[in-house]
Each structure stands twice: as C-alpha cells, then as structure tokens.
Novice: 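One structure, pasted below without further comment.
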There are 2 protein chains.
Amino acid sequence: MRYRDENKIQAIRECAIEMVAKDGLENFGINRLAKAAGVSPATIYIYYKDKEDLLTSISIEEGIKMTQATLKDFDPKMSFKEGLWVQWKNRAAFALDNHLSANFFEQLRNSTYKDKMMETITHEFRRAMGDYVHNAVTRGEIDEMPLEVYWSVAFAPLYSLIKFHNEGQSLGGRKFKFSEKIMKETFDCVVKGLMK
Amino acid sequence: MRYRDENKIQAIRECAIEMVAKDGLENFGINRLAKAAGVSPATIYIYYKDKEDLLTSISIEEGIKMTQATLKDFDPKMSFKEGLWVQWKNRAAFALDNHLSANFFEQLRNSTYKDKMMETITHEFRRAMGDYVHNAVTRGEIDEMPLEVYWSVAFAPLYSLIKFHNEGQSLGGRKFKFSEKIMKETFDCVVKGLMK
DNA sequence: AAGATAAGTGAGCGATTGCTCATTTTAAAA
DNA sequence: TTTTAAAATGAGCAATCGCTCACTTATCTT
C-alpha cells in the first residue's frame, strides 16, 4: 500500500480556492489547477469524482470552517445583542484573515453550484441559530420572524460591508475602508432595527 | 448598405441573459449563444468586441434598466421613509417581473466582470441617491454615514430576501415565499434601525 | 525479498472553447 | 440596373476543456 500525500491534496484545495478567487469561477479548469498545484490532472480524480464534486466539496469544507469561526466564543444562551456582536466580529475577522476563502465561497454561493453546497451549510447554520433566535424571541428581545428575514436583516449588511472592503469597490469617490468603528456603527443600526 | 437587424441583436441579448441565469456564467459560451439565438458566431462579433464586452455591455444595460425601474415615482425631495419604501417596492416588483435579468445581474456582480460593470452603475446610483440621502441627513432623519454603509443597511436585506425567493433557497424546513407583508415587516425593521 | 495494493503520473482522447475569414446576402445609393 | 458597403454567414482554426488509461512508484504485509 501507499499512503495519500496530504501535502498534495492540500495543495489542490488551496490552489483551487486561490484560482477561483483571483481568476473567477468562469476561468477555473482542472488542467490549470493541476499545473498550478504541481500534480497530474489524473491525481485530482483520485480525490474528487469530477469538477463539480471538487468545487462543492471544497466550498462545503470552507463553509463549515467559516461557520465554526463565526461561532467562536458564541453561546446560544447569550443575550441577543451580545450574541450577534460576537458573530459579527468573528465573521469579519475570518473574512479579513481568509479573504481568498471568503471570495471563493461568495462566488460559489452565486453560481449554479449553490444548491449542492448550501444544503450542508444551512443545516449547520440552522442547528446553531435555532435555539439562540428562539431564546431571544421568548425573552421578548426580538419579534418572531422567518429565519430568512432574520438572516437578511442581521447578516446581509455585514456581508455587504465585507464585500465592499475586500473587493475595493466604492460608491463614494474615495475607496471604502472597513474598520471596527464602522462595523460597530453599522451593527448598532442593525440591532436597533431588530430589537423591540 | 444593409441595415442591422434589430431582432437579431435583441435575440442575442435575451438569450445571453437567459443562458447565464439558467446555466450559470461558468457554462456560458459564444458558440452556445449563437446556436440558441439562431445566428452565426461571427454575427455576435459585429455587435460586441469579445465575450467580455458582450457580458459587461449587457449587464450595464440591465443595470441601468433596473436603476430606472427602481426610481419610478421616486423624488429626492421625498421624506426618507417614503422614498426608501418607493424604491423597495419598485426594486422587488422589477426582480419578480424580470427574474432572469435579476439573476443575470447578480451573477455578473459576483464575478471577475464586476469591476467593469459596476463603474457605470454606481455612478448612476450615486447621482440619484446623493441628494436624497443628503436631504435626509440635513432634515435630521438619519445620521450621516458612508454611502457603502447606507447601501449595506438599506438595500442588502432586500436583495437577500429577493434572492431567497427567486432561487427557492430556504433556511427553515419549508420553502420561503416572498410577500408584500413580509417585505413591509422587513422594511419597517430596516427603517427603524436607520432613522433617529 | 517477494507480492499486493493503492497513490500518482504523463500522454493524449474527443469535445468544446473563443474567435476569424473568405464568402454570400441585403438594401441603399448612383 | 449596376455599384457599393456593411450585415451576416458557416466552416473551421489553434487552444483548451474535462477526463481516462496504461503505466510507474511507493509502502504496506507476508
């Protein structure tokens, strides 16, 4: 027997993330990836069934990493405001530290691969958020609402800010820069809207 | 001389939008497009310099249509709350009526083509929003904030809701359905957070 | 040392990619 | 009617695509 070379599989994963993030999902290809990772195209098919399997598998792994990072020091029994703030800080820190992963994930989430990848992620999310949101409702901190509405109000603004920052986009004349101060102000705004 | 056949160029545009929306940007190709639109591949290059020019041109056109639709019956002199509500209703109606366009636009906005397309769109947006937001600030309805923060809080939640609806995604067990009632509730939540 | 088994490879398959060019078609201008 | 010039075409180019296979290499068990 011969054991799998963990350096190889890791090189494949990291190169795939970097390529998609930098050149775009539409320019991602197996032959390119093999060359970039320094392996044979055939080697990739030892680890992944096909191109779709590779992309969805990696995006699920990254999604789980992101979810776990977001939930660091988080406890479902926290007050609503404190709990959401912990998640915002964690999520922002992860996106800044791993902006290739974050970009990769965001591209997959807006592609035809989204269905397969989001199954696992949303299940993970729901398991983690269910109790916390329910507690906040029963404590009378927030109104009951569909989880999709909650996500849209509580997280979409943060994701948007991170995107503006990471992609160097700008609506004003000067380039937008993320900062803890801006994040806190935006957070206060969102929490004020959500809480009774 | 021979005149350009407007049916042809329109067929090219509409098929491109449909193909990207349904099969994904990563599966979009010129030869496919030509076959779907019933024209020769070479014909496409009469109207567009290359694949990138085609995608960015169409996305800019659709973006401008979307912006104009969003600003229907909108007046920069409106009160903050009324003005934002008009835009939410318009934007949601457009996305439901033209969900292929909306999906196409969203995919381009999350791809490597985003830089080229967003230049024009954000300029249009800034021209339209500048006065309105400024008025709201001087009237003391909202605090001053970077345009990116404003956009993230005021619009990102709506875009997220529309995506949940159009793409049939779901966080809860049952499928999420958009409705005027849910939109209004979400809107109230957002406005409460933004206004003093 | 020999045998077994899975990891890993490089060449290359058929299909498809973005794009071009020699040619034909069309309709206005002369 | 003839000329003219742009619109439109279909065949097909070089390059690349996703993927496979016959084969070599490494490391375990016997």
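Keep in mind that this is a model prediction, so the values were computed, not measured. These numbers come from the heavy atoms of this one structure, side chains and all, not from hydrogens, waters or symmetry mates. Order of the sequence lines sets the chain letters (A, B, ...), proteins ahead of strands, with each chain counted from 1.
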Novice: Measure the distance from CD1 on A:Ile12 to C1' on D:dC19 and round it to the nearest whole Å.
Specialist: 14 Å

Novice: List in numerical order all residues of residues 46-57 of chain A for which some heavy atom is under 4.0 Å away from an atom belonging to DNA chain C.
Specialist: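 Correct list: A:Ile46, A:Tyr47.
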
Novice: Reckon A:Arg4 has a side-chain N or O less than 4.0 Å from the OP1 or OP2 of C:dA7?
Specialist: yes

Novice: Classify the side chain of B:Arg2 and the base of D:dA7 as holding, or not holding, a donor-acceptor pair under 3.5 Å.
Specialist: yes

Novice: Are the charged groups of B:Glu52 and B:Lys116 less than 4.0 angstrom apart, N to O?
Specialist: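 So B:Glu52 pairs with B:Lys116 through a salt bridge.
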
Novice: Verify the distance criterion only: is there a donor paired with an acceptor across the side chains of B:Glu26 and A:Ser111 at less than 3.5 Å?
Specialist: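 Their side chains do not contain a donor-acceptor pair, so the 3.5 Å distance test is not met.
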
Novice: Tell me whether B:Glu61 is salt-bridged to B:Arg13, with the criterion being a basic N under 4.0 Å from an acidic carboxylate O.
Specialist: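 Here B:Glu61 pairs with B:Arg13 in a salt bridge, since their nearest N and O are under 4.0 Å apart.
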
Novice: From C-beta outward on B:Tyr45, which listed nucleotide comes closest to its side chain: C:dG18, D:dA8, C:dG8?
Specialist: C:dG18

Novice: Here's a test for you: under side-chain hydrogen bond (donor to acceptor under 3.5 Å, both in side chains), which of A:Lys65, A:Glu106, A:Glu62 qualifies with A:Ser101?
Specialist: A:Glu62

Novice: How close or far is atom P of C:dT25 from atom CG of B:Asp5, stated in whole angstroms?
Specialist: 17 Å

Novice: Once you apply a heavy-atom cut-off of 4.0 Å, does A:Tyr3 come out as touching a base, just sugar-phosphate, or nothing?
Specialist: sugar-phosphate

Novice: Going by heavy atoms closer than 4.0 Å, what residues in residues 22-41 of chain A are next to DNA chain C?
Specialist: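 Within this stretch, A:Val39, A:Ser40 sit under 4.0 Å of the strand.
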
Novice: Would you say the side chain of B:Ile46 lies within less than 4.5 Å of the side chain of B:Arg4, judging by non-hydrogen atoms?
Specialist: yes

Novice: Quiz question: by atom type and distance under 3.5 Å, do the side chains of B:Glu14 and B:Gln10 form a donor-acceptor pair?
Specialist: yes

Novice: Can you spot which of B:Lys163, B:Gln107, B:Arg109 makes a side-chain hydrogen bond (donor to acceptor under 3.5 Å, both in side chains) with A:Asn110?
Specialist: B:Lys163

Novice: Between the side chains of B:Lys184 and B:Asp188, is the shortest nitrogen-to-carboxylate-oxygen separation below 4.0 Å, so that they form an ion pair?
Specialist: yes

